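Inspection log for the structure reproduced underneath, given as structure tokens.
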Protein chains: 2
Amino acid sequence: MELHEAKDKFIQAWGAFGGQWGINRSMAQVHASLLVSPEPLSTEDVMEQLNISRGNANMNLRALIDWHLVDKVLKAGERREFFQAEKDVWKIATHITRERKKRELEPMVRLLGELKQAAGTNAEAKAFRQTAADLHDLTSRVDAMLERSTRSDVQWFLKAASTILR
Amino acid sequence: MELHEAKDKFIQAWGAFGGQWGINRSMAQVHASLLVSPEPLSTEDVMEQLNISRGNANMNLRALIDWHLVDKVLKAGERREFFQAEKDVWKIATHITRERKKRELEPMVRLLGELKQAAGTNAEAKAFRQTAADLHDLTSRVDAMLERSTRSDVQWFLKAASTILR
DNA sequence: TGCAACTTCCAAATAATATTGAAAGTATTG
DNA sequence: CAATACTTTCAATATTATTTGGAAGTTGCA
């Protein structure tokens with residue numbers, strides 16, 4: 001496969017992949033463009049590579065910076081800003097995981113913790129508390145695992161896990 | 001908190017949570033309704049609990065059955081079908097994980113495997129292959145971990161992982 | 001077989017989300 | 001400080017996803 005075609009496919013696929021997760025298509029495509037670019041890109045570069053508007057490019061670049069997936073870089077003698085993606089895939093995974101954990105998982109764990117104490121003494125209430133408690137236990141465990149696995153040494157964790165579990 | 005209020009909150013939250021993942025809001029809400037119902041529900045029950053149309057209820061019930069999160073059940077002497085959610089949270093987690101792995105992760109792993117062989121000898125091509133290879137490695141590991149963790153004994157895995165990694 | 005009682009499908013309507021582009025804002029330079 | 005080069009914002013617009021409701025299909029029973 002030609003390099004150009006490969007990059008294109010990657011950008012499309014990464015965009016679709018992102019879309020299925022909380023990340024929107026453009027944001028994932030901008031990320032993909034930066035990931036496969038050997039040089040940092042300017043806003044204009046991104047606009048023209050992906051055929052998107054200035055506002056869109058800017059918005060998604062900012063969001064990627066929020067997610068710690070992209071950094072602003074300065075080029076000597078250049079006034080405008082350039083952007084480059086974090087290329088260490090373990091760091092990418094860590095940042096995405098932590099962000100989603102914080103935004104989605106943690107609030108759910110908190111809510112389930114409250115719900116498992118809902119009032120009522122009849123069978124229905126007991127069944128509900130059991131379901132809530134089970135879900136709370138499950139989500140807490142997942143949360144704890146993700147916390148641990150993204151705290152310091154992701155690479156070690158995943159390598160260890162894939163060995164231990166062979 | 002009152003039981004009724006608790007159930008409502010759960011249905012809303014589970015719906016929003018699902019929305020952030022590949023599952024749409026109604027599907028997640030239907031699932032939540034069934035999860036917290038002590039009795040199996042009919043299509044009509046679901047429609048009125050959530051204020052959604054027949055078509056919508058039906059479509060999402062079917063989708064939940066596809067995902068193995070819900071079963072049809074027959075009630076003696078009743079013609080219409082009733083639906084009940086799988087209540088074992090480990091099974092729920094397993095089924096959701098496997099489904100999303102199959103739909104999203106596996107195709108990405110496959111694509112990255114191809115892309116890491118893209119043509120070209122210059123620095124740009126080499127950098128691209130490196131990025132693709134790194135991502136392929138990462139996604140393969142995650143895929144392998146999920147495969148293992150959902151194959152037979154999820155509970156053991158998560159317990160083990162959360163202990164080992166303490 | 002024909003008639004309910006129910007389920008499924010699907011085109012059209014609606015709602016939610018993403019994108020645009022021009023205007024406003026901000027920093028840098030001469 | 002004014003001109004310039006750029007970034008950010010946001011209301012309008014376009015796109016995409018979801019939901020509806022009625023028509024078509026199925027099933028079981030008298």
Side-chain angles (χ1 to χ4, degrees), chain A residues 11-34 40-67 70-84 100 103-104, chain B residues 11-34 40-67 70-84 100 103-104:
Chain A
I11 291 170
Q12 293 313 313
W14 199 244
F17 192 67
Q20 290 159 334
W21 296 71
I23 297 159
N24 83 43
R25 214 183 77 247
S26 290
M27 179 168 153
Q29 287 187 346
V30 171
H31 184 225
S33 291
L34 292 172
L41 302 179
S42 69
T43 302
E44 300 261 350
D45 294 335
V46 170
M47 287 167 62
E48 92 181 27
Q49 274 211 20
L50 300 176
N51 271 288
I52 61 177
S53 71
R54 180 173 303 285
N56 197 5
N58 180 263
M59 191 162 77
N60 286 306
L61 284 166
R62 270 190 305 121
L64 287 164
I65 291 169
D66 277 355
W67 283 60
V70 166
D71 292 322
K72 279 188 186 179
V73 297
L74 315 155
K75 275 197 186 174
E78 281 271 15
R79 176 123 153 221
R80 71 215 149 120
E81 295 168 337
F82 287 79
F83 301 90
Q84 89 186 335
R100 302 207 71 202
R103 292 179 192 212
E104 295 150 27
Chain B
I11 291 171
Q12 293 314 313
W14 199 243
F17 191 66
Q20 289 158 336
W21 296 72
I23 298 158
N24 82 41
R25 214 183 78 247
S26 290
M27 179 169 155
Q29 287 187 345
V30 171
H31 184 226
S33 291
L34 293 171
L41 303 178
S42 69
T43 302
E44 301 260 349
D45 294 335
V46 170
M47 286 168 61
E48 91 181 28
Q49 273 210 20
L50 301 177
N51 272 287
I52 61 176
S53 71
R54 180 172 303 284
N56 196 6
N58 179 263
M59 190 163 79
N60 286 306
L61 285 166
R62 271 190 304 121
L64 286 164
I65 291 169
D66 277 356
W67 283 60
V70 165
D71 291 323
K72 279 187 186 180
V73 297
L74 315 156
K75 275 195 184 176
E78 282 269 16
R79 173 117 156 231
R80 70 213 152 118
E81 296 169 334
F82 287 80
F83 301 91
Q84 88 186 334
R100 302 208 71 206
R103 293 180 192 214
E104 295 150 27

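Owing to the predicted nature of the structure, the values given are computational and were not obtained by experimental measurement. Proteins come first, then strands; the chains are lettered A, B, ... in the order of their sequence lines, and each starts at number 1.
- Looking at I65(A) and D71(A), their side chains never come closer than 4.5 Å, going by heavy atoms from C-beta outward.
- A close approach under 4.0 Å does occur between a side-chain nitrogen or oxygen of N58(B) and OP1 or OP2 of dT8(C).
- Within the 4.5 Å cutoff, the side chain of W67(B) has no heavy atoms near those of the H31(B) side chain.
- Taking atom CD of residue E81(A) and atom C1' of nucleotide dT28(C), one finds them 12 Å apart after rounding to whole Å.
- Taking atom CZ of F83(B) as the reference point, atom C1' of dC6(C) lies 11 Å away to the nearest angstrom.
- Side chains of S53(A) and N56(A): a donor-acceptor N/O pair is absent below 3.5 angstrom, by distance only.
- Nearest-nucleotide positions on DNA chain D for R62(A) and R80(A) put R80(A) closer to the 5' end.
- When N24(A), V46(A), I11(A) are each tested for a side chain to side chain contact (heavy atoms under 4.5 Å, CB included) with Q29(A), only one passes: I11(A).
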- Query: What string of B, S and - do you get for nucleotides 14-30 of chain D, 5' to 3', if B is base contact, S is sugar-phosphate-only contact and - is no contact with any protein heavy atom under 4.0 Å?
  - Reply: ----SBBB-----BB--
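- A straight line from CD of E44(B) to C1' of dT7(C) spans 11 Å, rounded to a whole angstrom.
- Proximity of S26(B) to L50(B): side-chain heavy atoms (C-beta onward) are nowhere separated by under 4.5 Å.
- In this structure, the NZ atom of K75(A) is 19 Å from the P atom of dA5(D), given to the nearest Å.
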- Message: Evaluate F17(B) against E104(A) for side chain to side chain contact (heavy atoms under 4.5 Å, CB included), listing each step before the verdict.
- Response: CA-CA 7 Å; F17(B) 191 66; E104(A) 295 150 27; 4.2 Å; yes
